[in-house]
Amino acid sequence: MIDLIFPDGSQRQFEDGATGRDVAASIAKSLEKRAVLIKLDGQLYDLDRALPSGGQFEILTRDSPEALDTIRHDASHVMAEAVQELFPGTQVTIGPAIEDGFYYDFARDTPFSLDDLAKIEQRMKEIVDRDEKIVREVWDRDEAIAHFKSIGEDYKAEIISDLPDGETITVYRQGQWKDLCLGPHLPSTKSVGKAFKLMKLAGAYWRGDHRNAQLQRIYGTAWANEADLEAHLMRLEEAEKRDHRKIGRAMDLFHLQEEAKGMIFWHPKGWTLYRTVEAYMRRRLEIDGYVEVKAPQIMDRGLWEKSGHWEKFGANMFTCETTEGEELAVKPMNCPGHVQIFNFGQKSYRDLPLRMAEFGACHRFEPSGALHGIMRLRAFTQDDAHIFCREDQIEEETTKFVRLLNSVYADFGLELDSVKLALRPDLRAGTDETWDIAEDKLDRAARQAVNMEVERLPGEGAFYGPKLEFHLSDAIGRTWQCGTLQLDFVMPERLDAEYVVEDGSKQRPVMLHRAICGSMERFIGVVIENYAGAFPLWLAPTQVVVATITSDADDYALKVAQELSAAGLRVETDLRNEKINYKIREHSLAKTPVIAVVGRREAEEGKVALRRLGSDGQEILTVVEAAKRLALEASPPDVTRQAVLRGASPLQGEVGVREAG
RNA sequence: GCCGCUUUAGCUCAGCUGGUAGAGCACCUCAUUCGUAAUGAGGGGGUCACAGGUUCGAGUCCUGUAAGCGGCACCA
């Protein structure tokens, strides 16, 4: 007999060999009908599988959030069945559920076309209508290998061969179609429903290794119901509208062109945004005790060899030779330069922690396929800093850093989503003992500093040390890796960094490589998408447009613009001979935060009518009052906070306000 | 780098099975001075990504190259 404990706390006993369906049927016929899976002690099982033991028991229906992954997984199986019916000779490999949907990787000589997707989708719907029962079978390992080989499924046979001995080999059968799979699955193809859509075709390497054959991946999205599917498609549309490349063009922020691929041409408005973010970061760093430096862009090969970059990172470096026979490399990272500055003269333990920052322009040769708008470039600027410190300062510095990072993200309307710990890669410098210590230290520091679970990523660290990755989420829930903190025992050793301790002997400092934006360009890309171009006043490239109603107000408009810009605001005028409606529309579409309308009336009274983006009301103020208020509002969040701490107006000392005459 | 798709005016896009390029917005000119999301009329602008090929004839078909896009791999 097995004992089941139900969600309401009640307990019941069932015969050995009872299935989830039996239990559901014993409760209610209607429940049996709706049941698709069961959960036993936190684990999902097929509805028709004999329960392996007693425990915490729950029946899941199709609507249960926990069933969604299984719906997606089953959709991938239905897709594989459809593909093999339509395109005989295509081999199946793997097809998991992923966020929002599923994919399946196929091996086939001729590529699928977009038209094929429509056909496959159609056939999938037919398979759902067929209501094929999905049945779990346990197979003998050798028989399974022989079977899949005999039907030409070499990839499947390979997967089985690689399973550890003693692992139960399960095959799921739906209609005539079979697939090796761990399960669990829904009871029938009908339970998958039709709220799915095939989205895109892609190449993908077998087992994720670029040395292997390339397979054809078909991505789909699948949901419990039509409404959820619709909502998802709407979200995608929304995301597309926010695309920083689109907004960058529409708002005239920057462009990229063939002759400098992976590098940005910043236009005046975009550069204003950039400088605003940079100035903000500079203030934040200064208050947190960083010093700013600037190291050379190009340095001799010898230095890069010493640091280990030439060997470990050489394939990604831009190099050049002079006519005098020197070999040089454009810096892909800032660390060696900073160590040179650290090494200049003597450092004492009293100097530590030494936090050395640079807005460091780095160039890396990235594979052409990796480039993505301004998020992934060949030339980018890191908000980099290296903290030279003692081992016993690592935790404190990590905590301090994480606090700063969280505060910065919050100021841009972003939120820290997750933190990951990337561990030693195959290609690395330093001994295993050093790595043991570094990983352990960083792990501890992270747990101390970060208020959330830290996922471990084996093999993904930097070549000189383990890495904390900070992923942030934007306004519509997408995540990006920007911030990082890396612990490095290797670079100080290789580049001979030392400081003098109390007894006069010399010690090696530890280096913490850290960035909050990651790259200024990527961060600005995220910020653009986060605000969909409608920046808060302090970030907006153009903060106020003074628009005239008739040409009678032109002189007055110029005067108003002068007053506002004297108050530190970024102001433009629009004196064109156009209707005010036209101007309002145009500047609203351009996402200008404030439009200051002036007509004959305002000119006579010395006032302006302020209209805010997204509202159709207006506020009539004197020019002096408007300048004061807008300047206050346009004060960056950190400046405002500092002013509040000092108990002063944020305008004092930061932006000069001149009384209007 | 690999797989697939795309590339036509400044932007967004039409252009059927090959017959010599079009719209909307933007831009320029003129008129209009009009109080909170598009005033009207007129005008200019494209070796159809680039290089070959097939053809009497190529934006359209074929091959190659480049860039962009979606993934994979790589990564801030």
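Chain identifiers are assigned alphabetically (A, B, ...) following the order of the sequence lines, protein sequences preceding nucleic acid strands; residue numbering begins at 1 within each chain. No experiment lies behind these values; they were computed from the predicted model shown. Computed from heavy atoms alone, side chains included, the values below leave out hydrogens, waters and symmetry copies.
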Using a 4.0 Å heavy-atom cut-off, does [X] contact any base of the nucleic acid, only the sugar-phosphate backbone, or nothing at all?
{"X": "Y219(A)", "answer": "sugar-phosphate"}
{"X": "E469(A)", "answer": "nothing"}
{"X": "I595(A)", "answer": "nothing"}
{"X": "G208(A)", "answer": "sugar-phosphate"}
{"X": "L114(A)", "answer": "nothing"}
{"X": "G373(A)", "answer": "sugar-phosphate"}
{"X": "K579(A)", "answer": "base"}
{"X": "S588(A)", "answer": "base"}
{"X": "A370(A)", "answer": "base"}
{"X": "Q618(A)", "answer": "base"}
{"X": "L201(A)", "answer": "base"}

OP1 or OP2 of [N] sitting under 4.0 Å from any side-chain N/O of [X]?
{"X": "Y582(A)", "N": "rG35(B)", "answer": "no"}
{"X": "K467(A)", "N": "rA76(B)", "answer": "yes"}
{"X": "N581(A)", "N": "rU36(B)", "answer": "no"}
{"X": "S368(A)", "N": "rG1(B)", "answer": "yes"}
{"X": "R245(A)", "N": "rC69(B)", "answer": "yes"}
{"X": "R249(A)", "N": "rU12(B)", "answer": "yes"}
{"X": "H372(A)", "N": "rG71(B)", "answer": "no"}

Quick one: which of [options] gets closest to the side chain of [X]?
{"X": "A609(A)", "options": "rU36(B), rA37(B), rG68(B)", "answer": "rU36(B)"}
{"X": "R522(A)", "options": "rA76(B), rG35(B), rA37(B)", "answer": "rA76(B)"}
{"X": "A202(A)", "options": "rG71(B), rC27(B), rG35(B)", "answer": "rG71(B)"}
{"X": "P367(A)", "options": "rC72(B), rA73(B), rC34(B)", "answer": "rA73(B)"}
{"X": "R376(A)", "options": "rG4(B), rC75(B), rA67(B)", "answer": "rC75(B)"}
{"X": "R611(A)", "options": "rU36(B), rA76(B), rU33(B)", "answer": "rU36(B)"}
{"X": "E366(A)", "options": "rU39(B), rG35(B), rC74(B)", "answer": "rC74(B)"}
{"X": "V597(A)", "options": "rU36(B), rU39(B), rA76(B)", "answer": "rU36(B)"}

Can you name the nearest heavy-atom pair linking [X] to [Y], along with the distance?
{"X": "L198(A)", "Y": "E121(A)", "value": "N-OE1, 2.9 Å"}
{"X": "V546(A)", "Y": "V598(A)", "value": "CG1-CG2, 4.0 Å"}
{"X": "D574(A)", "Y": "K583(A)", "value": "O-NZ, 3.0 Å"}

Quiz item: Hey, does the side-chain of E602(A) have a donor or acceptor N/O within less than 3.5 Å of a partner on the base of rG35(B)?
Solution: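 Answer is yes: a donor-acceptor pair is held.
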Quiz item: Is there a donor and acceptor pair, one atom on the side chain of R364(A) and one on the base of rC74(B), closer than 3.5 Å?
Solution: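 For R364(A), whose side chain was compared with the base of rC74(B), there is no donor-acceptor pair (under 3.5 Å).
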When the distance from [atom1] of [X] to [atom2] of [N] is rounded to whole Å, what number comes out?
{"X": "F254(A)", "N": "rC11(B)", "atom1": "CZ", "atom2": "P", "answer": "14 Å"}
{"X": "D105(A)", "N": "rG70(B)", "atom1": "CG", "atom2": "C1'", "answer": "15 Å"}
{"X": "D109(A)", "N": "rG4(B)", "atom1": "CG", "atom2": "P", "answer": "12 Å"}

Quiz item: If each of C517(A) and K261(A) is mapped to the nucleotide of RNA chain B with the nearest heavy atom, which maps nearer the 5' terminus, i.e. the 5' end?
Solution: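 Residue closer to the 5' terminus by nearest nucleotide: K261(A).
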Self-check item: Aromatic stack Y205(A)/rA73(B): centroid gap under 5.5 Å, interplanar angle under 30°
Solution: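 Here the ring of Y205(A) and the base of rA73(B) are not stacked, as the 5.5 Å and 30° limits are not both satisfied.
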Quiz item: Has the side chain of Q297(A) got a donor or acceptor atom that lies under 3.5 Å from a matching backbone atom of A361(A)?
Solution: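 Answer holds: yes.
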Quiz item: Relative to each other, are the rings of F523(A) and F412(A) parallel, tilted or perpendicular (30° and 60° limits)?
Solution: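 Taking F412(A) first and then F523(A), their aromatic rings stand perpendicular (interplane angle over 60°).
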Exercise. Verify side chain to side chain contact (heavy atoms under 4.5 Å, CB included) between E529(A) and D243(A), making sure each step is shown before the conclusion.
Key: CA-CA 6 Å; E529(A) 303 203 352; D243(A) 192 308; 4.0 Å; yes
Quiz item: Would you say the side chains of N334(A) and H386(A) form a donor-acceptor pair under 3.5 Å?
Solution: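 Distance-only check fails for N334(A) and H386(A).
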